Amino acid sequence: MENNIHEDCGVALVRLLKPLSYYQEKYGTWRYGLGKLYLMMEKQHNRGQEGAGIASVKLNTQPGNEYMFRERAEGPNAITEIFGSANRQINQVVKENSVFVDSNLQEVPFAGELYMGHLRYSTTGKSGLKYVHPFLRRNNWRAKNLCLCGNYNMTNVEEVFEELTRQGQCPRIYSDSYIMLELMGHRLDREVERNFREAKKQGLEDQNITRYIDEHVKMENVLKTTMKHFDGGYVVTGITGSGEMFAMRDPHGIRPAFYYKNDEVVVLASERPVLQTTFDIEYDDVQELKPGTALIVRSNGETVIKKILEPQSNAACSFERIYFSRGSDQDIYRERKKLGEQLVPAVLKSIGGDTRHTVFSFIPNTAESAFYGLLDGFKKHVIERKIERIESLGHTPTHEELLDILSEYVRCEKVAWKDIKLRTFITEGNARNDLAAHVYDITYGSLEPYVDNLVIIDDSIVRGTTLKESILHILDRLHPKKIVMVSSAPQIRYPDYYGIDMPRLEEFCVFRATVALLKERGMESILENVYKECLAELSKPREEMQNAVRDIYAPFSVDEINHKIVEMLRPEGMTTPIDIVYQSLDGLHQAIPNNPGDWYFSGHYPTPGGTRLCNQAYVNFFEKVYKTASTQSIDHNNAK
Ligand SMILES: O=P(O)(O)OC[C@H]1O[C@H](OP(=O)(O)OP(=O)(O)O)[C@H](O)[C@@H]1O
């Protein structure tokens with residue numbers, strides 16, 4: 001499924017529990033829900049900059065009135081566009097200074113009680129409004145209308161696609177979002193029809209049937225029969241025409257979701273601080289949605305948590321904590337700092353203990369918190385060194401001695417700048433190299449040329465694009481004695497299929513360096529053997545499959561691979577010594593104990609779908625990249 005859409009996104013749900021007049025009276029606006037949705041989405045802009053969408057459902061409408069609204073847009077200004085459009089639609093109907101009563105809002109678009117928002121990040125090159133969430137499945141039966149969005153990536157879309165076609169359906173688009181919409185829509189239809197039969201049995205007629213269905217549809221039934229088919233990391237959210245709202249988290253808790261409820265609202269977001277700030281509430285007021293469960297708000301406002309699938313081993317994504325989340329979460333901030341602090345011994349070794357002639361800095365923006373942790377660690381180190389030096393004097397220090405010892409401090413400078421507030425990693429693939437090459441700049445004169453080392457921390461080094469295309473080259477213009485590149489994350493060795501878009505092995509600089517080492521040392525047979533092992537694994541039943549790719553890393557130490565990475569990423573003509581320091585796997589788990597999902601670094605996938613796709617990624621690499629390159633070089637040599 002390499003061409004499938006991969007998305008790690010942001011979601012936001014708002015359910016108003018009172019009539020709109022309540023918010024008008026208390027907060028001076030009936031657009032309270034829409035306003036809160038806007039804030040929640042802006043605060044999650046870090047989670048998706050390629051598109052955004054919103055949907056709203058209005059309760060208790062009369063036949064003939066629209067009750068489900070949706071607006072979507074692409075591009076970095078999508079949030080502004082969709083809310084601008086929603087407000088324009090509202091203003092066309094609402095007369096300025098008109099007297100507010102609930103019944104006046106019957107015909108006003110987006111004047112609803114249910115709101116859902118989505119921020120999209122997809123980097124596979126599939127673009128177009130039709131891929132922007134929410135997805136909508138319409139029907140004349142109110143309760144059968146389904147609007148869906150989510151933060152997810154499914155690893156078994158082929159199987160589900162087959163399942164749908166076996167049922168006699170004919171999905172229009174081959175993407176996990178459309179397939180989920182169709183499958184869930186199919187189950188919702190059955191649930192509505194079950195209630196229809198029940199209503200008929202009770203002798204109900206006309207709108208009483210609709211009312212009965214609206215009141216009795218159970219989203220947990222729909223979720224149970226739908227979600228058991230999927231393998232992946234997800235938070236799926238949706239609203240129905242009859243006013244059901246739900247959000248469900250995958251059984252391993254790979255993707256995050258947090259919610260809050262009081263007597264006015266039920267809200268859910270991908271990150272905890274979004275709710276804390278938007279609703280002026282404390283850390284403990286916000287609950288984490290537990291793996292395998294769903295938050296369901298029924299059409300009457302009743303809110304329940306239902307177990308949908310049996311929770312499995314905790315595999316909450318650690319990359320979410322290292323990079324993807326905004327980082328204003330108190331736990332994530334602490335974790336990122338710890339990641340930085342733990343790197344002190346390795347960095348110290350690399351600079352030969354010479355903190356006096358070392359300038360510390362970071363690559364904007366995500367690495368900033370890890371940088372503060374690294375600084376804290378070095379401050380502690382310098383204090384300890386001062387104590388040692390004073391104690392080792394063996395006499396009361398003279399003024400000059402004290403001055404010399406105490407004047408040492410940790411030197412930090414703002415060395416690198418990022419010119420546009422855009423996350424390059426989550427920018428559509430082809431445009432990325434160019435963006436990474438031009439987005440960074442440096443502060444001239446921020447270190448003493450040829451005397452000072454420069455230690456610069458990034459949250460992660462994945463493809464190495466940021467380093468190769470931009471950072472190393474511009475840092476070298478400062479003429480540091482040595483550059484130490486530090487990654488707060490461990491070496492990224494394996495692809496991800498649960499939402500962060502890293503599906504191809506050959507894109508990782510760690511993988512490319514390992515392949516280069518194998519070739520260089522005449523160990524290419526390992527590449528061939530691993531290919532055969534991967535094929536053998538792929539022919540096994542899903543549950544028995546092992547990750548055969550791990551064998552290619554076995555012959556080398558982390559340091560050997562690091563040296564090769566430096567060699568490969570070093571810009572042409574640059575002679576400054578470069579070291580690279582990665583976090584260890586143990587260090588990762590110490591810093592982030594509650595998010596043990598580490599498949600990127602360890603190759604341990606929480607679900608069979610991940611293992612299968614990893615083996616498949618190697619087969620693709622071997623057949624399409626490695627073999628092709630070998631054939632081309634043979635052809636080239638023959639042609640000489
Ligand atoms: O090795 P690479 O493949 O280049 O990927 C890693 C880089 O990508 C991210 O930056 P991004 O610009 O997305 O975001 P940021 O400003 O939040 O750090 C990340 O912070 C690293 O700097």
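Atom set for the values below is all heavy atoms of this structure, side chains included, hydrogens, waters and symmetry mates excluded. Numbering of ligands and ligand atoms starts at 1, following listing order. Being a predicted model, the structure only gives us computed values, none of them experimental.
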Interfacing atoms of ligand 1 (cut-off 4.0 Å, heavy-atom, Thr366): 15 (P), 17 (O), 18 (O)
Counting only nitrogen or oxygen atoms and a 3.5 angstrom limit, does Gly464 reach ligand 1? yes
List every atom of ligand 1 that sits less than 4.0 Å from any heavy atom of Tyr440, numbering the atoms from 1 in the order shown and giving each element. 12 (O)
Per-atom contacts, ligand 1 versus Pro364 - under 4.0 Å to a heavy atom: 16 (O), 18 (O)
Does an N or O anywhere in Leu467 fall below 3.5 Å from an N or O of ligand 1? no
Is the number of heavy atoms from other residues, nucleotides or ligands under 6.0 Å of Lys624 NZ greater than 12? no
Neighbour count >12 (heavy atoms, 6.0 Å) for atom NE2, His473: no
Is it the side chain, the backbone, both or neither of Asp459 that has a heavy atom closer than 4.0 Å to ligand 1? side chain
For atom 1 (O) of ligand 1, which of Val462, Thr424, Leu569 has the closest heavy atom? Val462
Atoms of ligand 1 under 4.0 Å from any heavy atom of Asp458, numbered from 1 in the order shown, are 20 (O), 21 (C), 22 (O)
Could you check whether any side-chain heavy atom of Phe258 comes within less than 4.5 Å of a side-chain heavy atom of Leu268, counting everything from C-beta outward? no
List every atom of ligand 1 that sits less than 4.0 Å from any heavy atom of Lys418, numbering the atoms from 1 in the order shown and giving each element. 11 (P), 12 (O), 14 (O), 15 (P), 16 (O)
Out of Ile492, Thr466, Ile471, who is nearest to atom 4 (O) of ligand 1 when you count heavy atoms only? Thr466
Verify, without hydrogens or angle tests, whether Arg423 (side chain) and Gly48 (backbone) share a donor-acceptor contact under 3.5 angstrom. no
Separation of Tyr283 OH from Asp329 CG (nearest 0.5 Å): 6.5 Å
Less than 4.5 Å apart, side chain to side chain, heavy atoms only: is that true for Asp250 and Val235? no
So Tyr259 and Val286, do their side chains get closer than 4.5 Å, heavy atoms only? no
Using a strict cut-off of 4.0 Å, indicate which atoms of ligand 1 neighbour a heavy atom of Ile461. 1 (O)
Would you call Arg493 and Tyr553 a side-chain contact if the rule is heavy atoms closer than 4.5 Å? yes
